[in-house]
Amino acid sequence: MIGKEQRNRAKEIAKKYGYLPYMIERYVALWGEQEAIQFLEACEQPIKRAIRLNTLRAPVEETLSRLTAKGVRLEKVPWLDTGYIADFTRISPGSLLEHMRGFYYVQGVPSMTVAEALRPQPDSLVVDMAAAPGGKTTHMAQMMNNSGVIVSIEQDRLRTASLESNIHRCGVTNSIVLRGDSRKLDQLGLAPDYILLDAPCSGEGLIALDPSRKRSKSMADIRFCATKQDALLDAAITALAPGGTLVYSTCSIAPEENEFVIDDLLKRRPETKVVPINIEFGVPAYPAPYGVELHESLTLARRFLPHKHNVEGFFICRIEKEESS
Amino acid sequence: MKPEYVDSVQWDIVRNQIDSDYGAGVTKRILGALTPVSLPRAKGISFYLVPTGWLKILDRDFKQFTPLSLGMWLGDLVEGLFRLSLPALERVQEHTSNLLIVSRRGAESFTYGRSILKESVVKIAPSLLRGQRVFILNETNECLGLAALSVDAYKIGRLAKDRLVAKNLVDIGWYIRRLS
Ligand SMILES: C[S@@+](CC[C@H](N)C(=O)[O-])C[C@H]1O[C@@H](n2cnc3c(N)ncnc32)[C@H](O)[C@@H]1O
């Protein structure tokens, strides 16, 4: 329980930065006031644009030299083969011929890291359970060099159009696009080797990109998302082949949509375990958010934080299903 | 709505149109080891090319899921007329000589959905005739889309610079315009 004094202080901070007070109370409970303020300050700063070079269309060197010749300044992201921070100066990144031809995809660094954390092997069967607009489907297709199959599922009719468009633009030919509710994944009778669940979430990691998020969602909205995330995770684990791998991610910094959701999953589904992500990025996820002790393996999941990494807030967790289940 | 093996009558229409538009044997070459499948649409039928190994996945009942696209999108057959898809254009381009090379400015305006005027024409095979489908390429031979010639190629030299030469049928700017 928080006292009156803390509540008033949270209100004051909320007013100063334009947030709903309940959000500030949570940030202070999670990080302490000093770090909470660092987070709020970071969310006032713009996020640098990033692009992923699409090797299905052209070798990395070719795209680099074409973009450099057009005045785009590029800086490689250390843990990503094809991820670059890109300063397009005055050019609109969508207007270049290289973009229309699918040589690159404009995508945040954390989003690129999600597919990298799964890294599906060529020739495998993959399901992308929340696929539109296709950033991660197209990334996985390039990792698999268009071999195997990616079943890309999206529920929203309008968003499936952007998914298909990006798939075609990027030269992806190993995907089957389905419209439907991934909570019913078991109906397809597939046993995928890999599943990506880039879950629908409250978007609490995207405040720097969308300041309206400071006031647009209530705690009930976050709970609603968490309930949907539970159901999607259950469907994922049921469908996954024994020994298969799932990556769960959200663009939210809310432990209620991340650590708590995974902790519940580990309790509900003993055939699952959190496993390390073999790339260096971010910070470990929280084993005791708000002082609530959760499963210790949660430190194997990772977080991106705006105030530590100058990117959108993200949560990425790699999970394996037991061989014998 | 689920993917189906192609109906041989419909496939003959598709093959005949591709081969007559872009050259004999082009369909066979772009098909390679892939299998054509079709998806019925509200209007017409879409055709896709998939590896034969996928047929066991496609045979299943998709229940509440609706397949929207799969493998490589070849194009759509609507009222007896077949239209190549944008992704298929790149594949066909390698096998055809129906090419029109345009200037940098012409290329830019084409990718905004505009048609090709005489002033943008850099090179075209003189044997191409009015009504024929031509691939629009920039000066570095990158495919920007497809157009229909509105004049016989050998007559282009006589036109004023602002006259229409080829009408835009589809261009790669569509990928971006579709999103906005
Ligand atoms: C975070 S976005 C996915 C972004 C995508 N992975 C990418 O990288 O481009 C979540 C998506 O899940 C979709 N979605 C929400 N509920 C769903 C469900 N039950 N089944 C399938 N898709 C769903 C949303 O419409 C939204 O497009």
Side-chain angles (χ1 to χ4, degrees), chain A residues 56-58 66 92-103 105-106 123 125 127 131-134 146-155 157-190 192, chain B residues 1-3 30 32 34 37 39 46 48-51 53-75 85-91 104 107-108 110-113 137-145 170-180:
Chain A
L56 290 176
R57 286 295 193 203
R66 289 176 70 134
S92 152
S95 68
L96 293 182
L97 177 67
E98 286 74 11
H99 184 247
M100 295 179 203
R101 294 201 63 216
F103 282 41
Y105 193 107
V106 179
D123 295 314
L125 174 59
V127 172
N146 262 338
S147 68
V149 183
I150 305 177
V151 178
S152 307
I153 306 176
E154 171 58 46
Q155 189 172 35
R157 198 174 278 269
L158 275 179
R159 289 174 66 91
T160 52
S162 52
L163 171 62
E164 284 184 74
S165 187
N166 280 320
I167 283 175
H168 298 318
R169 179 176 67 86
C170 292
V172 172
T173 57
N174 67 341
S175 154
I176 301 175
V177 177
L178 303 179
R179 185 173 59 237
D181 182 347
S182 287
R183 287 174 290 193
K184 311 246 171 72
L185 181 59
D186 63 331
Q187 290 189 356
L188 287 176
L190 300 167
Chain B
M1 213 164 51
K2 84 192 267 309
I30 55 172
L34 299 172
V37 293
L39 259 184
S46 295
Y48 295 87
L49 305 184
V50 302
W54 283 25
L55 297 177
K56 60 180 187 303
I57 299 184
L58 302 178
D59 265 342
R60 76 192 51 230
D61 179 359
F62 286 90
K63 304 257 170 68
Q64 61 101 30
F65 292 91
T66 309
L68 297 178
S69 80
L70 56 153
M72 206 213 55
W73 178 28
L74 182 65
S85 75
L86 267 173
L89 289 185
E90 300 158 27
R91 309 229 168 176
R104 204 165 71 88
E108 198 172 305
F110 186 73
T111 57
Y112 282 97
L137 311 183
N138 65 10
E139 289 179 90
T140 45
N141 283 323
E142 293 172 279
C143 180
L144 307 175
V170 62
D171 67 86
I172 56 171
W174 174 85
Y175 288 129
I176 312 304
R177 294 196 296 277
R178 192 180 179 199
L179 299 185
S180 55

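Labels below follow one simple rule: chain letters A, B, ... track the order of the sequence lines, proteins then strands, and each chain is numbered from 1.
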A.B. asks: Determine, stepwise, if the pair A:Arg101 / B:Glu142 fulfils side chain to side chain contact (heavy atoms under 4.5 Å, CB included).
C.D. replies: CA-CA 9 Å; A:Arg101 294 201 63 216; B:Glu142 293 172 279; 2.4 Å; yes
A.B. asks: Please look at A:Asn166 and chain B and tell me whether the side chain, the backbone, both or neither of the residue comes under 4.5 angstrom of a heavy atom of that chain.
C.D. replies: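 When you check distances to chain B, only side chain atoms of A:Asn166 fall under 4.5 Å.
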A.B. asks: Need one label for A:Ser162: side chain, backbone, both or neither, based on atoms under 4.5 Å from any heavy atom in chain B.
C.D. replies: both
A.B. asks: Supply the atom-to-atom distance B:Tyr175 OH to A:Cys170 SG, rounded to the nearest 0.5 angstrom.
C.D. replies: 9.0 Å
A.B. asks: Go through A:Asp181, A:Asn174, A:Thr160 and name the one with the most non-hydrogen pairs under 4.5 angstrom from chain B.
C.D. replies: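 Counting heavy-atom pairs under 4.5 Å, the top option is A:Asp181.
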A.B. asks: Is any side-chain heavy atom of A:Lys184 closer than 4.5 Å to one of B:Lys63?
C.D. replies: no
A.B. asks: Looking at B:Pro51, B:Pro3, B:Gly53, B:Gly71, which makes the most heavy-atom pairs under 4.5 Å with chain A?
C.D. replies: B:Gly71
A.B. asks: Do A:His168 and B:Leu86 make a side-chain contact, defined as non-hydrogen atoms from C-beta onward lying under 4.5 Å apart?
C.D. replies: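 Heavy-atom side-chain distance check fails, nothing below 4.5 Å.
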A.B. asks: Can you name the nearest heavy-atom pair linking B:Ser69 to A:Glu164, along with the distance?
C.D. replies: CB-OE1, 3.6 Å
A.B. asks: Does atom CZ of B:Arg104 have more than 12 heavy-atom neighbours, drawn from other residues, nucleotides or ligands, at distances under 6.0 Å?
C.D. replies: no
A.B. asks: Measuring heavy-atom distances to chain B, does A:Val172 have an atom under 4.5 Å in its side chain, in its backbone, in both, or in neither?
C.D. replies: backbone
A.B. asks: Side chain, backbone, both or neither: which part of A:Leu96 has a non-hydrogen atom closer than 4.5 Å to chain B?
C.D. replies: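 Answer is neither: A:Leu96 stays 4.5 Å or more from chain B.
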A.B. asks: Report yes if some heavy atom in the side chain of B:Leu144 is under 4.5 Å from a heavy atom in the side chain of A:Met100; otherwise report no.
C.D. replies: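 No; the side chains remain at least 4.5 Å from each other.
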A.B. asks: Which distance, rounded to the nearest 0.5 Å, do you find between the OG1 of A:Thr173 and the CG of B:Leu49?
C.D. replies: 10.0 Å
A.B. asks: Could you tell me the separation between the CD1 atom of A:Ile167 and the CE atom of B:Met72, rounded to the nearest 0.5 Å?
C.D. replies: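 Result: 14.0 Å between the selected atoms.
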A.B. asks: For B:Glu108, does the CD atom have more than 12 heavy-atom neighbours from other residues, nucleotides or ligands under 6.0 Å away?
C.D. replies: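 Not more than 12 within 6.0 Å, no.
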A.B. asks: How far does NE2 of A:His99 sit from OG1 of B:Thr111, to the nearest 0.5 angstrom?
C.D. replies: 13.0 Å
A.B. asks: Below 4.5 Å, heavy atoms only, C-beta onward: do A:Arg169 and B:Ile176 meet side chain to side chain?
C.D. replies: yes
A.B. asks: Within a strict 4.5 Å, meaning less than it, do heavy atoms of the A:Val151 and B:Phe65 side chains meet?
C.D. replies: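 A side-chain contact is absent here, since even the closest heavy-atom pair is not under 4.5 Å.
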A.B. asks: Pick from B:Leu68, B:Ile172, B:Leu58: which one has the most heavy-atom pairs with chain A under 4.5 Å?
C.D. replies: B:Leu68
A.B. asks: Nearest 0.5 Å, please: how far is CG in A:Leu97 from CG in B:Asn138?
C.D. replies: 6.0 Å
A.B. asks: Sort A:Ile153 into side chain, backbone, both or neither according to what part of it lies under 4.5 angstrom from a heavy atom of chain B.
C.D. replies: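 A:Ile153 touches chain B through side-chain heavy atoms alone.
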